[in-house]
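A short write-up of the structure that comes next.
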Amino acid sequence: MNYCVVGLQWGDEGKGKVVDILAEHSDIVVRYNGGANAGHTVIVGDSRFALHLLPSGSVRPNTTCVIASGVVVDPDVLIKGIETLAQNDISLNGRLLISENAHVVLDYHKKEDQLREETLGKNKLGTTVRGIGPCYADKVGRSYTVRMADLRDLENLKAKLQTIIEYKNKIFAALYNAEPIRADETFEKCKSYADRLLPFIADTTEFLHKSIAEGKCVLFEGAQGSLLDLDHGTFPFVTSSNSSALGMSAGCGVPAERVDEFIGVVKAYTTRVGAGPFPTEQDNETGQYIRDKGNEYGTTTGRPRRCGWFDAVAVSYGITIGAIDSVALMHLDTLSGLRELKICRAYEINGQEKTFFPANTARLSKASPIYETVPGWDEDITEVNDFQDLPVNAQNYIRRIEEQLGKAITIIGVGPKRSQTIFRQ
Ligand code: GDP
Ligand code: IMO
Ligand code: MG
């Protein structure tokens with residue numbers, strides 16, 4: 001079986017945990033979009049790993065890991081990730097493939113991201129400042145780019161960087177009155193990236209197609225979530241890749257038909273980091289309760305996450321555009337202790353009831369959630385491993401969400417550890 005795991009909200013749904021669990025029965029795990037803006041948490045025994053570029057399957061020593069061409073690779077972060085695993089006796093030698101066509105995030109991308117956010121002031125997007133937007137912008141612009149394959153030809157790369165950095169410095173000076181960056185320093189860094197990463201650079205599209213033809217089990221790991229999708233999310237408060245399920249095929253060159261099951265991951269409530277509309281946000285005691293209990297602080301930036309009720313309109317949208325087959329609902333344990341819970345079943349916009357999510361930010365900003373209220377539960381459920389043993393109100397909450405989404409919830413998270421997971425047929 002080939003699976004694809006994607007977030008159906010605004011990221012941080014718990015994809016890392018789900019991918020880690022499914023990776024036990026996968027030969028290959030593939031990251032296909034985004035970059036080091038992602039932070040996927042995997043807990044193995046007493047060790048906690050925050051993976052930014054390496055697929056979440058990388059903690060399993062027999063899994064082959066692929067970073068496909070749709071990813072923008074920050075070599076500093078990647079090398080650090082490889083070293084962190086090595087310090088934990090997990091080697092990636094011989095089992096990591098990085099696409100030769102993946103674009104490289106360099107220091108000037110991060111600088112540009114930061115300067116742009118600072119200049120926007122109160123209108124900033126709230127990016128992770130990992131250089132994601134500027135790197136994808138260069139990729140689409142085509143003229144000033146570095147791809148992983150360029151690390152194979154340092155002579156040529158040196159000349160290329162000269163041109164790129166001359167151009168970037170003009171922008172830094174004219175738009176931001178900022179200090180120039182030095183081409184020779186960037187080149188020296190690229191030389192060290194080449195030393196470290198050349199053995200991993202490959203044609204990942206060929207590898208994936210051969211592996212699928214041989215009957216290998218491939219697990220595709222999405223980063224971010226459907227509502228952050230560049231084309232289909234809450235633009236401009238999105239990331240710069242197609243982070244809904246639609247991005248999977250473009251990101252790795254494997255058609256969606258090769259995937260047997262698309263699994264959408266959601267939290268039992270909603271969170272968002274960064275700016276943008278969030279209809280069910282609870283900027284109050286309830287939101288604070290969820291933030292404290294769920295430890296809702298960003299894996300990549302440490303920022304407090306905005307928290308709110310489960311939004312079935314928003315999640316249904318990701319299911320529809322991505323043809324999601326089943327749902328994993330994480331963080332159910334975080335809701336224990338709330339007297340009642342709300343599920344947003346529709347929006348009211350300009351006096352009309354809507355159940356199809358309006359991704360257009362101007363319209364979404366006018367949406368008032370229409371809630372259904374259900375009773376909560378008090379019990380600690382972090383040790384429950386059978387659906388029937390959950391408090392009746394927790395079972396009913398899940399069934400109600402299933403009805404709203406029209407999809408089965410087959411995986412339920414009751415804590416961050418692997419063992420704190422309920423599987424249902
Ligand atoms: P990702 O970006 O989708 O992989 O999610 P993150 O790793 O950024 O954030 C999810 C956080 O929730 C991590 O700290 C996980 O360890 C934690 N987590 C995952 N599933 C559960 C769950 O079911 N319950 C609780 N309490 N924590 C969970
Ligand atoms: P994972 O894979 C949550 C958000 C940022 C910001 C917007 C644009 O861990 O779920 P960017 O740096 O991509 O230009 O920022 O997207 N964002 C995420 N939010 N989880 C993520 O990844 C995110 N990656 C980007 O907070 O609002
Ligand atoms: Mg995350």
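Remember, it's 1-based here, ligands and their atoms both numbered in the order they're listed.
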Which of the numbered atoms in ligand 2 are under 4.0 angstrom from any heavy atom belonging to His40?
1 (P), 2 (O), 9 (O)
Specify the protein heavy atom at minimum distance from atom 2 (O) of ligand 1: its residue, its atom name, and the distance to 0.1 Å.
Gly39 O, 2.9 Å
Does Arg303 have a non-hydrogen atom less than 4.0 Å from ligand 2?
yes
Side chain of Asn2, backbone of Asp260: donor and acceptor closer than 3.5 Å?
no
Exercise: do Asp311 and Thr270 side chains pair donor with acceptor under 3.5 Å
no
Name all residues meeting the salt bridge (charged side-chain N to carboxylate O under 4.0 Å, His left out) criterion together with Glu403; count only those two or more places apart in sequence or in a different chain, and write none if there are none.
Arg400
Run the contact test for Glu221 against ligand 1 with a 4.0 Å cut-off on heavy atoms, strictly below, and give the result.
no
Here the atoms of ligand 1 under 4.0 Å from any heavy atom belonging to Gly413 are 23 (O)
Which atoms form the tightest heavy-atom contact between Thr63 and Gly57, and what is the distance?
CB-O, 3.6 Å
When you compare the side chains of Thr301 and Arg303, does any donor N or O come within less than 3.5 Å of an acceptor on the partner?
yes
Test item, Gln420 contacting ligand 1 (heavy atom, 4.0 angstrom)
no
The atoms of ligand 1 lying under 4.0 Å from a heavy atom of Arg305, numbered in the order shown, are 8 (O), 9 (O)
shortest atom 10 (C) of ligand 1-to-protein heavy-atom contact is with Asp12 O, 3.8 Å
For ligand 1, which atoms sit closer than 4.0 Å to a heavy atom of Val414?
23 (O)
For atom 23 (C) of ligand 2, the closest protein heavy atom turns out to be Gln224 CG, 3.6 Å
Within a 6.0 Å radius of atom CG on Asn177, are there more than 12 heavy atoms belonging to other residues, nucleotides or ligands?
no
Counting heavy atoms under 4.0 Å, the part of Thr41 that contacts ligand 1 is both
For Arg291, does the CZ atom have more than 12 heavy-atom neighbours from other residues, nucleotides or ligands under 6.0 Å away?
yes
Within a reach of under 6.0 Å around CG of Asp231, are more than 12 heavy atoms found that belong to other residues, nucleotides or ligands?
yes
I want to know if ligand 2 touches Asp12 in the polar sense, i.e. an N/O pair below 3.5 angstrom.
yes
Sequence neighbours excluded, which residues qualify as side chain to side chain donor-acceptor pair (under 3.5 Å) partners of Arg272?
Thr234
Enumerated ligand 2 atoms positioned under 4.0 Å from heavy atoms of Thr239:
11 (P), 13 (O)
Out of Arg418, His331, Lys17, who gets a non-hydrogen atom closest to atom 17 (C) of ligand 1?
His331
For ligand 1, which part of Val265 has a heavy atom less than 4.0 Å away: the side chain, the backbone, both, or neither?
neither
If only side-chain N and O atoms count, and only distance matters, is there a donor-acceptor pair under 3.5 Å linking Asp325 with Tyr3?
no
For Glu83 and Gln87, does a side-chain donor sit closer than 3.5 Å to a side-chain acceptor?
no
Any donor and acceptor pair, going by atom type alone, linking the side chain of Asn284 with main-chain N or O of Thr286 inside 3.5 Å?
yes
For atom 6 (C) of ligand 2, which of the options Ser243, Gly35, Gly274, Gly126 provides the nearest non-hydrogen atom?
Gly126
Identify the closest protein heavy atom to atom 4 (O) of ligand 1: which residue and atom is it, and at what distance?
Gly16 N, 2.8 Å
Can you name the side chain to side chain donor-acceptor pair (under 3.5 Å) partners of Thr145, sequence neighbours left out?
none
Would Gly415 count as a contact residue for ligand 1, given that I'm defining contact as a non-hydrogen atom of the residue lying under 4.0 Å from a ligand atom?
yes
Counting from 1 in the order shown, the ligand 2 atoms closer than 4.0 Å to a non-hydrogen atom of Ala38 are 1 (P), 2 (O), 9 (O), 22 (O)
Does the N or O separation between Thr128 and ligand 2 drop below 3.5 Å for any pair?
yes
Can an N or O of Val273 be found at a distance shorter than 3.5 Å from an N or O of ligand 2?
yes
Check for me whether Arg306 meets the cation-pi criterion with Phe278, that is, NZ or CZ under 6.0 Å from the six-membered ring centre and within 45 degrees of the ring axis.
no
Judging by distance only, is a nitrogen or oxygen of Asp333 under 3.5 angstrom from one on ligand 1?
yes
Please list, in number order, the atoms of ligand 1 under 4.0 Å from a heavy atom of His40.
1 (P), 2 (O), 4 (O), 7 (O)
Would you name the heavy atoms of Asp138 and Lys168 that are closest together and state the gap between them?
OD2-NZ, 2.9 Å
Mark yes or no: Lys342 above the aromatic ring of Tyr371, with NZ or CZ under 6.0 Å from the six-membered ring centre and no more than 45 degrees from the axis.
yes
Considering the heavy atoms of Ala223, write down every atom of ligand 2 situated less than 4.0 Å from one of them.
2 (O)
Could you work out, for atom 17 (N) of ligand 2, the closest of Asp113, Leu228, Thr41 by heavy-atom distance?
Leu228
Considering only the protein, which heavy-atom contact is closest to atom 15 (O) of ligand 2, and what is its distance?
Thr127 CA, 3.3 Å
Let's go through Ser211 and Asp27 carefully: what are the C-alpha distance in whole Å and the side-chain angles of both, what is the deciding distance for side chain to side chain donor-acceptor pair (under 3.5 Å) to 0.1 Å, and is it a yes or a no?
CA-CA 9 Å; Ser211 303; Asp27 300 301; over 6 Å; no
Is the NZ or CZ atom of Lys111 positioned over Phe172's six-membered ring, under 6.0 angstrom from the centre and within 45° of the axis?
yes
When you measure from the heavy atoms of Gly39 to every atom of ligand 2, does any distance fall below 4.0 Å?
yes
Counting each atom of ligand 1 from 1 as listed, which ones have a heavy atom of Arg48 under 4.0 Å away?
14 (O)
Show your reasoning for whether side chain to side chain donor-acceptor pair (under 3.5 Å) applies to Lys17 and Thr421.
CA-CA 10 Å; Lys17 173 174 162 172; Thr421 313; 3.1 Å; yes
Contact check: Met330 vs ligand 1, nitrogen or oxygen atoms, below 3.5 angstrom:
no
Is Arg130 touching ligand 2 with its side chain, its backbone, both, or neither, if touching means heavy atoms under 4.0 Å apart?
neither
Atom indices of ligand 2 within 4.0 angstrom of Trp10 heavy atoms, with elements
3 (C), 19 (N)
Run the side chain to side chain donor-acceptor pair (under 3.5 Å) check on Trp10 and Thr271 step by step: do they pass?
CA-CA 7 Å; Trp10 280 286; Thr271 64; over 6 Å; no
Protein N/O/S atoms closer than 2.8 Å to the Mg ion (ligand 3), ordered by chain and number, come to Asp12 OD1, Gly39 O
Which part of Val238 is near ligand 2, with near meaning a heavy atom under 4.0 Å away: side chain, backbone, both or neither?
backbone
For His40 against Ala38, the heavy-atom pair lying closest together:
NE2-CB, 3.7 Å
Residue-level breakdown please: for Lys15 versus ligand 2, do any non-hydrogen atoms fall below 4.0 Å on the side chain, on the backbone, on both, or on neither?
side chain
